[in-house]
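Worksheet: one structure, shown below.
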Amino acid sequence: MKKTLVFGASLKPERYSNLAIRRLVEKGIPTFAYGLREGVVSGVQIHTTLVNIPAIDTITLYIGPQRQPVIYESIIALKPRRVIFNPGTENETFYQLLRNKGITVEVACTLVLLATNQF
C-alpha cells in the first residue's frame with residue numbers, strides 16, 4: 001500500500017479529515033497526518049511540522065483554497081505522486097502548479113474513494 005498524508009488533519013471526530021484518517025487505517029493504508037495541533041487519531045500521530053514525514057505517495061488535502069498559498073511549496077517539496085482535493089479544497093491555481101511538477105491532481109472525496117475501493 002502507498003503511504004498517504006492527511007494534510008489538514010483534525011483531532012475533532014466530526015471532521016472529515018479525522019474520519020479519513022480512521023478509514024485509511026481501517027483499510028490498512030500506511031497513514032501520516034499533518035495539522036495545526038498535535039495528537040493521535042487511530043494510532044496516527046498528527047504532526048505540526050513536515051520535517052519527519054517520509055516519502056509519500058498520496059496527499060489528501062483538507063485545507064480550503066484561501067489558506068493554501070502558504071502550503072504550495074511545502075506540498076510540492078514532499079514530491080507526492082498525487083494530491084487529492086477533497087470537496088471545499090478545489091483550487092485551479094494549485095492544480096496547475098502541481099501538474100507543472102508532474103504531480104497528479106485528483107478532485108474527489110477520499111471517503112468515497114475508500115468506500116468504493118477506488119483509492
Side-chain angles (χ1 to χ4, degrees):
M1 290 282 184
K2 306 289 183 179
K3 294 176 185 170
T4 298
L5 174 64
V6 177
F7 203 104
S10 174
L11 291 169
K12 297 178 181 177
E14 67 275 10
R15 297 288 195 163
Y16 289 118
S17 62
N18 185 292
L19 185 54
I21 293 169
R22 291 183 276 144
R23 296 279 163 79
L24 286 161
V25 169
E26 286 171 9
K27 292 276 189 178
I29 297 169
T31 304
F32 300 86
Y34 170 82
L36 295 176
R37 290 179 182 74
E38 288 187 2
V40 178
V41 175
S42 290
V44 175
Q45 175 68 44
I46 298 176
H47 297 276
T48 57
T49 178
L50 296 171
V51 174
N52 294 318
I53 301 294
I56 293 293
D57 176 76
T58 299
I59 293 175
T60 181
L61 193 60
Y62 288 94
I63 293 178
Q66 69 283 358
R67 293 180 44 219
Q68 290 173 11
V70 298
I71 63 166
Y72 289 169
E73 292 307 316
S74 298
I75 286 182
I76 290 168
L78 290 171
K79 299 179 181 167
R81 179 182 60 84
R82 71 175 173 166
V83 175
I84 299 172
F85 286 80
N86 286 280
T89 66
E90 299 89 348
N91 181 341
E92 289 290 338
T93 301
F94 199 10
Y95 300 165
Q96 196 56 49
L97 290 171
L98 293 167
R99 288 179 179 134
N100 288 345
K101 296 291 184 179
I103 299 169
T104 300
V105 169
E106 195 166 339
V107 181
C109 176
T110 295
L111 298 173
V112 171
L113 294 174
L114 289 166
T116 57
N117 294 316
Q118 297 178 56
F119 189 80

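Numbering of residues begins at 1 and proceeds along the displayed sequence. Quick note: numbers below take in every heavy atom, side chains included, and nothing from hydrogens, waters or symmetry partners.
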Over 12 non-hydrogen atoms of neighbours within 6.0 angstrom of CG in Asn100: yes
Under the side-chain hydrogen bond (donor to acceptor under 3.5 Å, both in side chains) definition, can you give me all pairs with a residue in residues 4-14, not counting sequence neighbours? none
Heavy-atom side-chain contact between [X] and [Y] under 4.5 Å:
{"X": "Asn52", "Y": "His47", "answer": "no"}
{"X": "Pro65", "Y": "Phe94", "answer": "no"}
{"X": "Tyr72", "Y": "Asn91", "answer": "yes"}
{"X": "Ile46", "Y": "Glu38", "answer": "no"}

I need the single residue from Leu78, Leu24, Thr60 that forms a side chain to side chain contact (heavy atoms under 4.5 Å, CB included) with Leu5. Which is it? Leu78
Decide whether [X] and [Y] are clustered together by the hydrophobic rule: side chain heavy atoms of Ile, Leu, Val, Met, Phe, Trp, Tyr closer than 4.5 Å, transitively.
{"X": "Tyr16", "Y": "Val44", "value": "yes"}
{"X": "Ile63", "Y": "Val41", "value": "no"}
{"X": "Leu61", "Y": "Ile21", "value": "no"}
{"X": "Val107", "Y": "Ile71", "value": "yes"}
{"X": "Phe7", "Y": "Ile29", "value": "no"}

For Thr31, check side chain to side chain donor-acceptor pair (under 3.5 Å) against everything at least two apart and list the hits. none
Tell me every residue that passes side chain to side chain donor-acceptor pair (under 3.5 Å) with Tyr34, counting only those two or more places apart in sequence or in another chain. none
Nearest heavy-atom neighbours spanning [X] and [Y]:
{"X": "Pro87", "Y": "Ala108", "result": "CD-O, 3.8 Å"}
{"X": "Ala20", "Y": "Tyr62", "result": "CB-OH, 3.3 Å"}
{"X": "Pro80", "Y": "Ile59", "result": "CG-CD1, 3.7 Å"}
{"X": "Thr110", "Y": "Asn86", "result": "N-OD1, 2.8 Å"}

Keeping the roles fixed (side chain from Gln68, backbone from Thr93), state whether a donor-acceptor pair exists under 3.5 Å. no
Is the backbone N or O of Pro13 less than 3.5 Å from a side-chain atom of Arg22, with the two atoms forming a donor-acceptor pair by type? yes
Salt bridge (charged side-chain N to carboxylate O under 4.0 Å, His left out) contacts touching residues 50-76 (sequence neighbours left out): Asp57-Arg81
Arg99 side, atom CZ; Thr104 side, atom OG1 - distance, nearest 0.5 Å: 9.0 Å
To the nearest 0.5 Å, what is the distance between NZ on Lys101 and CD1 on Ile76? 6.0 Å
Please set out all donor-acceptor pairs under 3.5 angstrom arising from side-chain atoms of residues 111-119, sequence neighbours excluded.
{"from": "Thr116", "atom 1": "OG1", "to": "Val112", "atom 2": "O", "distance (Å)": "2.8"}
{"from": "Thr116", "atom 1": "OG1", "to": "Gln118", "atom 2": "NE2", "distance (Å)": "2.9"}
{"from": "Asn117", "atom 1": "OD1", "to": "Lys27", "atom 2": "NZ", "distance (Å)": "2.8"}

Salt bridge (Lys or Arg N to Asp or Glu O under 4.0 Å) with Arg82: which residues, sequence neighbours excluded? Glu106
